[in-house]
Amino acid sequence: MDKIDEMTVSLVDTHAHIQAEEFASDIDQILERARGAGVDKIIVVGGAGELSTNDAGLELARRSPWLFATVGMHPHDARQVSEEDLTWLKELTQDPKVVAVGETGLDFYYEHSPRQVQRELFCRFIHMSCETKLPLIVHDRDAHREVARLIRSEGRDMVRGVIHCFTGDFEDAKVFLDLGLYLSFSGIVTFKAAQALREVARKVPMDRILVETDAPYLAPVPHRGRRNEPAFVRLVAETIAQVKGLSLEEIARTTSMNTRTLFGI
Ligand code: NI
């Protein structure tokens, strides 16, 4: 990429866990590299692993005007969440730096928490999203139908949100698009074997697409298998540009606009 290109592209990493331990020693360089790659906003997503990733993410976001936070709890850890925790998380949503509820959702692949516990917590976060009018960041692994069903029945047409790290087929995509949701693509879309997912990305309307890293997980090619970081969202956007036959600038502009529409940033 030449210099002019670097300057004109402005991307958003809509899903990164950069408050995680993995980044503690070099967060400043991580942020600098993100800037260098044209990333001008990062949504620091709470709730992966520990409840404390929520206030850690918020604290990090408070340090820089271009960082934002979310509050939630990953379905893996659903069984850890008490009533007091939910009250505390709801209080955190009042902070102007908090732009979404999540991550939340259902993971029937790993099933680290029992399905019923996951469902109950997901419903609580759907309600929180409706009450706070903050969009929902949804994790869905092997649970497309139930995720859609619960959003429909509990959200009563009030839920706005995104299926993060979307990996379903186009039938799944259509169900979520019909619910008015956005689909966010991660580094998985760059993997050699992900031809089917690239085909889905090609068909999803541009005004519903977001890009993310899910750092530190799911580093895109050619960094696959190593620690992911927000700068690499550019590689995700480049792949989407390729499959859609559009320029990187176009993808950056539209996904930034979608981010503004959904998250208000
Ligand atoms: Ni995540």
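In each ligand, atom 1 is the first atom listed, and ligand 1 is the first ligand listed. For the single chain, residues carry numbers from 1 onward in sequence order.
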> Between the side chains of E120 and Q116, is a donor N or O closer than 3.5 angstrom to an acceptor N or O?
Replying inline: yes
> Just wondering, are more than 12 heavy atoms of other shown residues or ligands nearer than 6.0 Å to CD in E21?
Replying inline: no
>> Among T254, T14, D13, exactly one meets side-chain contact (heavy atoms from CB on, under 4.5 Å) together with T259. Which residue is that?
In response: T14
>> I need the protein N, O or S atoms closer than 2.8 Å to the Ni ion (ligand 1), given as residue plus atom name.
In response: H15 NE2, H17 NE2, E103 OE1, D214 OD1
>> Could you work out, with ring pair (Phe, Tyr, Trp, His ring centres under 6.0 Å) as the rule, every residue matching H164, not counting sequence neighbours?
In response: H15, H139
> Of all residues at least two apart in sequence or in a different chain, which pass the side-chain contact (heavy atoms from CB on, under 4.5 Å) check with R63?
Replying inline: I27, D28, L60
> How would you list, by chain and number, every residue that makes a side-chain contact (heavy atoms from CB on, under 4.5 Å) with Q29, sequence neighbours excluded?
Replying inline: D26, R33
